[in-house]
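Working notes for the structure below.
None of these values were measured; they are calculated from a predicted model. First the proteins, then the strands, lettered A, B, ... as listed; each starts at 1.
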Amino acid sequence: MNNDYLQLVGVSKRYGGIAALSDVSFSAARGSIHAILGENGAGKSTLMKTLAGVVRPDAGVVRLDGRELRMTGPAQALDEGIVCIFQELSLVPHLSVAANICLANPPRNRLGLIDRHRQNEMAREALARIGCDRQIDLRERCIDLPLSQRQIVEIAKAVVRRPRVLILDEATSALTAEDVEKVMRLLRTLREEGTCVLFISHRMHEVDALADTCSVFRNGEHVSTFPAGSKPHEEIVRLMIGRPIAQVYPPKPQPPAASVRPYLQVSGLRSGTQLKGVELAVRPGEIVGLGGLDGQGQRELMLALAGLLRDVRGDIRIGEQSTPPNGPRGGKREAYRMALIPEDRKTEGLALGQSVHDNLGVCALDRISRWGVVDHAAERALIADLVKTLQIKAPDTRVAVSTLSGGNQQKVVLAKWLATQPRLLLLMDPTRGVDVGTKQEIYRLFRDLAAKGLAILFYSTDCDELIGLCDRVLVMYDGQVRASLAGAMLTEEQILMNAMNLGRRDAPANDSRVHAAAWECAA
Amino acid sequence: MSTLAPSTNLRSHFKTPTGAVLLALAALLLLGGTLNSQFFSPTYLLLQLQSGAFLGVIAAGATLVILLGHIDLSVPWTLTVAATVGTAVTRAGGGAWAELGPLAGIAAGALIGLLNGVGVAYLRIPSLIWTLAVNTILLGAVAFYAGNTVISSEPSPVMAALGAGRSFGVLPNAVLVWLAVSAFVVWGLRRTLMGRYIYAVGTREVAAHMSGIDTRRVILGAFVASGVCSAIAGLLLAGYAGQSYQRMGDPFLLPGIAAVVVGGTSILGGRGRYGGTVAGVLLITLMSSMLSLMHVPEAVKQICYGLVVVVMVGLYSRRQGG
Amino acid sequence: MKSASIHLRHHARTLLAFGLLAVLLVAFLAIHPRGASASVLTAWFNQGAALALVAIGQTLVVLTSGIDISIGAIMALCNCVASVLVQGDPLQVALGVAAVLLVGTLCGVVNGMIVVYARIQPIVATLATGTIYTGVALLVRPTPGGEVDAGLSDAMTGTLGDLVPTSLVALALVVLLVWEPLRRSLTGRTLFALGSAEQAAYMSGLSVDRAKVVAYATAGLFAAMAGLFLGFQTASGDAAIGLPYTLNSVAAVVLGGAALSGGVASVLGTIAGAFMLRTIGSLMFFTGVPPLAQPLFEGLVLICAVALGATRLLRIRNRLEIFR
Amino acid sequence: AETFLPACYKPAAGVSTTVSYPARKGPYRVALVNGHTGIPWRMQMIQQTRAWAARPDVAKDIKELKVVSTGADVASQIAAIDNFIQAGYDAIAFIAVNPKAFDAVIRRAKKAGTVLVSFDNPVDSPDVLRITPEWVEFEGDIKTQAVVDLMPVKKGKLLEVRGLPGNSTDRDRHAGVRKILDKYKDISVVEVTGNWDTGTVQKVVADAIAVNGKFDAVVCQHGCRGVTSAMKAANHPPVPVGGDAENGFVKALIEQKIPGISVSTSPGQGPVAMRAAIALLQGQTLPSLVNLPTPNVLTKDMKPDVNYFPNLPDSYETVSSYASCGISFTPDEINKFNPDNN
Ligand SMILES: Nc1ncnc2c1ncn2[C@@H]1O[C@H](COP(=O)(O)OP(=O)(O)OP(=O)(O)O)[C@@H](O)[C@H]1O
Ligand SMILES: Nc1ncnc2c1ncn2[C@@H]1O[C@H](COP(=O)(O)OP(=O)(O)OP(=O)(O)O)[C@@H](O)[C@H]1O
Ligand SMILES: O[C@@H]1[C@@H](O)[C@H](O)OC[C@H]1O
Ligand SMILES: [Mg+2]
Ligand SMILES: [Mg+2]
């Protein structure tokens, strides 16, 4: 086995004052799965983008199979067989699935025109390799697919290029549990075939399940490389964030008494085909998790509570109000005091082109204004306070928020809403793509907020954090809350059983599904 | 080191769009002045300010709309409608009520802005096409109305005083109006919620909506402001020309947009400063005046005009692209 | 069954455009004293052909999420060049036609280069180049005039076998020979891809920059054809015809169902849109709309057609989709 | 040959060809195809044509009068004419948006036997009746010459305010100005472009005054109210000004005591053209190119409610008649279709 199949020597990249990569040397072998670890902003994506020809390094060389590569853009990297699945999806929304899979190298006929028929065959084959050819229609446009299927298409698009080096930059973050399993099988097959797989994930259990080798990055530097499983998690975390983490999850206090009037109470909530009579209640001081397999109505529920869906029936009581607010703006009103942290921070959470300052202020600006005139001094004070409380790492609040690392961007989204002093927080997967260290800070923050009397409804795709953080977890299945688990009942098994709507004593109907979901929870 | 500081400071200043336009403006003046010393005369320069004022007021409204990433192509006939309504009501009111005229004109502008805003913000029709359609309707409405009714085209005393008069015998009142509008826009963009929201919505509307901003109202507001600006310009122009007349707005559409983008505001929205717009207005006004006085053929004038826009905007975008 | 429904969904806007056009055309023919005849249809077709060509060009650019404000000016310039060069013996005429098409394409290439390499927003870049092209057109032809080969003109604006308007056949041929191959090539796919998601197209290894230049160049080519056709119709050149064509081309593209945000556009829809606009104007020929109210009537019909785009809002369930 | 109403329809200098068609029985279906919209002159022309056609002695010959404005697009105008030809109209009068563009449609009209009358901005084709002011004479022999005659001494600086660049009318009118001024070597000329638009004219004239100081005379094509306004604003002494016949300009000549001349194309051209069309249908003969008389009046001869109208809007065209053509209107008649006429 060639250990130096892919080799980077002395690679550096600066963005203004920030060294995203400094003098990084690193190599990976053929036929192996190599995990890249590091906290947010460690430079992982920058490294991968360098390999993919998207970022041009200030210094250093990249070698593949001993040959030095000169790359002027992604096209060259792809020609070399380096295929990257980026953190931001790179599908074309208005093209068909087939066209997306064969996007840049479609089969062509004698006239040089795209051969639709062969293109469809190729695409079908690629999906078949993942095992998803039956659930995705090749003619459907990607914009009409759910997020999880889009990610499958993205992976198929990489597979079809027969990569020599395959890079996955948090490419599994939006997959359903069963699809994650399929993708892992695929990656193992590719490894057998000699592909060099580089794999970035903030989920340690995925790393444990897949990686042969791990490399840790910190502050743009390559810290260490070691065989997977050779170091305990605590050690890896210490390498990543430079300090040990004693405990990821804060301790859970006594839950509020049942007599406390819920701040959010929902009954018989229905909407379209996705919500079929949801019942739930969240009390002040309580963190309630929302779990289940992907696509069981969790997202719709959150959107319905925020007043973003149109045809909603049933009772929703928030504070003293008996109807949901009319969108996020209504939610800010005194009568509701609620905040929705959206799932997609790059498009919905942040105005990426604006500064950190402008993003942080935007939600609470009306609170520090009189007659529509903003109090600048109050605004500055507020923002300084937010940066401090949430420990947002930015060189300056005037820089564009797009230049912050993912975790810090997520903190900005949280901070801008906390500035409105909400009493109900609706969180949609707020830790996706956030590193352990930051996660820990964020969990603490949620706990502190709850202690101050906030009611928190927390939707997550990560079973582990539901158990670790929440007082109670509601499991959804087919548009309904099927179970409310707390205390001793709050275990992976229980979540799983309910997520698949299996009675406690029933035998699992489908082995592989249980297996897949079980794996997702096994941290 | 300390002696270097001011010059680097100065240089960095000229790297901003506003600075670059001012530089171009100075160069233009110098060039023109060497060809004909009269270009330096205060009378001439004040006249440029005077005619720049009409374009300036229009460009102020256009800046707000462009900062949102939208565009208002109804400017020409909004301006004409406002002037027509203004003069017609002046006559109908008569005497003491004559000044209802300009008020009615501004109300008409606001109403048209409202129509634009409703189409763009609430019906979600692309502004380029909606405001174009509105412009066509306004043309039709004015032609129909003016062709069927004997109406006065005489401006009210206030319109005449603001459009054509001068304060202290020198400073054109139109320039004062432009200054007032500018002050209001600068203050609005910097200090008010509306201004801050305009930048947020212009950067990314969904994100703004998810942050609890009523983005539709912001868009509506900007279009109303743009309509009012066009109306003010129309009323001033009617005062200046001593009459309202059809097609009086046509010469302002493209220069209005050009002034904003030459001033460094991104046509995609979210980025730009009002100071740049003011500089852009001055540059464009002065350039077209000088070219026509030097009797450059229309063809060459057009070519110069296009080149200036390409070069100026190209300069900024290269810099931003890094 | 499902395949048919997917097709229907993907082509819904184009179908809607043709539906509207059909309604307008039927109304027009119904009030026309002569009703439907080859010569009425030829006049109708000739009236819309130039706009349809310009609008096809505009479609290509809109597809890339750009816009070409100079397209009318290119058309005017080409019209002027045609009035100088498209005359004489058949060879000279052929060379003249080639030169006109080349001029248009070159203007388009310049636009593309400025957009790609100077990184100026398309609307601004073409606003500027548009005034430049108008200036050049005025240099070529300071006042309207010149001539265009009469034989070719008559052939192109006439009827084939007393049955089909030549312009219809020509338009169909152009779409088939220029647009279809382009659409089915990798460059064509890149156009769709980059308009829909430029970053993704670039990251996937598509030559985004080249495709953009091709889009503007092809737009210039279509504008040239439009200028040429107008030359056939008027046997002369005129530098001042540009602006209304530019604005109407954008309107036609939108009426044809394209999204100005890019990635979604259909050339057939655009053609329907162009003829819709023309028919709106023609509708007044024989109706009782009082002459002074005609422009108002035209504006009202246009704004209603445009407002039809808002019906999409009624189908939206998730409020965030209105921002798409 | 004997031509129809020769006092009105005078052949242009050097034109001896005539136009005639076989007579056909009335009443006729006639159409008026206008180009540009949103210009008062054109609006008034349409109103006058309709007012004239409604007169009982005229109405008996007209079965139907259709009026269409197509805007600036030449393809639309050609299609409009084609449509009226198709629909079997007897005669079509039109103002061309471009003088060179109509050869093909003229041939089609000929084939179909439709009578075409081109007026105001006429086409360049000898095959149709063309009725137009003689622009060189209009701008030169009449307007410029009058201005020069009004100058106390025939020297100094004259400001020429031109029209829309690229328009053939602008070219012809400029030629008229040159023709006269070439005879006066001591008069230097400053040219500016006013686009026939009052606001633009005012701006460029103001700029020209600021840069050049005082002028000794001004010749302006159209939008000339801008000249008087700019002179007033700059406290320019009242020097001779030649301009158009819009009410606002004429009033300003009086109010500002400017010696000058108002020269008009009169929207009465609409009825004049329509009358010629009907004469042709009745089998009459007309010269192929008719130059209309050019109404004009010097400031010293102007009278209220004849040459200018204190109570009408500035955009009103003061000259609406062609006396020698038997066509005259009062403002009230022009606007009689209007309910809210005051
Ligand atoms: N385009 C850019 N402009 C400026 N700074 C940037 C840019 N891209 C990345 N950075 C900075 O470079 C550093 C490394 O970023 P990178 O995206 O590689 O981190 P990462 O390890 O992928 O983090 P995450 O886990 O959050 O995805 C960060 O500090 C980031 O702020
Ligand atoms: N059979 C197919 N398989 C995959 N994608 C398709 C298929 N047909 C159409 N598409 C996709 O659907 C979208 C619309 O294609 P469209 O129907 O316009 O193509 P077309 O050439 O008209 O098809 P056809 O050959 O069926 O007439 C495009 O994104 C195209 O890639
Ligand atoms: O003849 C001209 C007419 O065509 C135009 O519309 O208005 C002014 C007149 O001089
Ligand atoms: Mg990353
Ligand atoms: Mg098809």
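Between chain A and the options B/Arg191, B/His209, B/Glu205, B/Arg204, heavy-atom pairs under 4.5 Å are most frequent for B/Arg191. Ranked by heavy-atom pairs under 4.5 Å with chain A, the first of B/Gly195, B/Ala200, B/Gly212 is B/Gly212. Ranked by non-hydrogen atom pairs under 4.5 Å with chain B, the options A/His376, A/Lys416, A/Glu379, A/Lys332 are led by A/His376. Taking A/Ala364, A/Gly372, A/Cys363, A/Ala351 one by one and counting their heavy-atom pairs under 4.5 Å with chain B, the maximum is reached by A/Gly372.
A/Arg345 and A/Glu348 are not joined by a salt bridge, as no carboxylate oxygen comes within less than 4.0 angstrom of a charged side-chain nitrogen.
Counting only distance, with no hydrogens or angles, the side chain of A/Asp396 and the backbone of A/Val399 share no donor-acceptor pair below 3.5 Å. Distance alone, capped at 3.5 Å, places no donor-acceptor pair between the A/Thr431 side chain and the A/Val434 backbone.
Using a 4.5 Å cut-off between heavy atoms, A/Ser369 contacts chain B through its side chain alone, with no backbone atom that close. Within the 4.5 angstrom heavy-atom criterion, only side-chain atoms of B/Tyr197, from C-beta onward, approach chain A. Contacts between B/Thr192 and chain A at a heavy-atom distance below 4.5 Å involve backbone atoms as well as side-chain atoms. Of the two parts of A/Ile341, neither the backbone nor the side chain holds a non-hydrogen atom closer than 4.5 Å to a non-hydrogen atom of chain B. Heavy atoms of A/Leu350 lying under 4.5 Å from chain B belong exclusively to its backbone. For A/Trp417, the part lying under 4.5 angstrom from a heavy atom of chain B is the side chain only.
Judged by distance alone, the side chains of A/Asp58 and A/Ser12 never bring a donor and an acceptor atom under 3.5 Å apart. Checking B/Ser74 against B/Asn116 by side-chain atom types alone, a donor-acceptor pair falls below 3.5 Å. Side-chain contact annotation: A/Thr403 with A/Tyr15, donor-acceptor N/O pair under 3.5 Å absent. Under the 3.5 Å distance criterion, with hydrogens and angles disregarded, a donor-acceptor pair is assigned to the side chains of A/Arg367 and A/Gln421.
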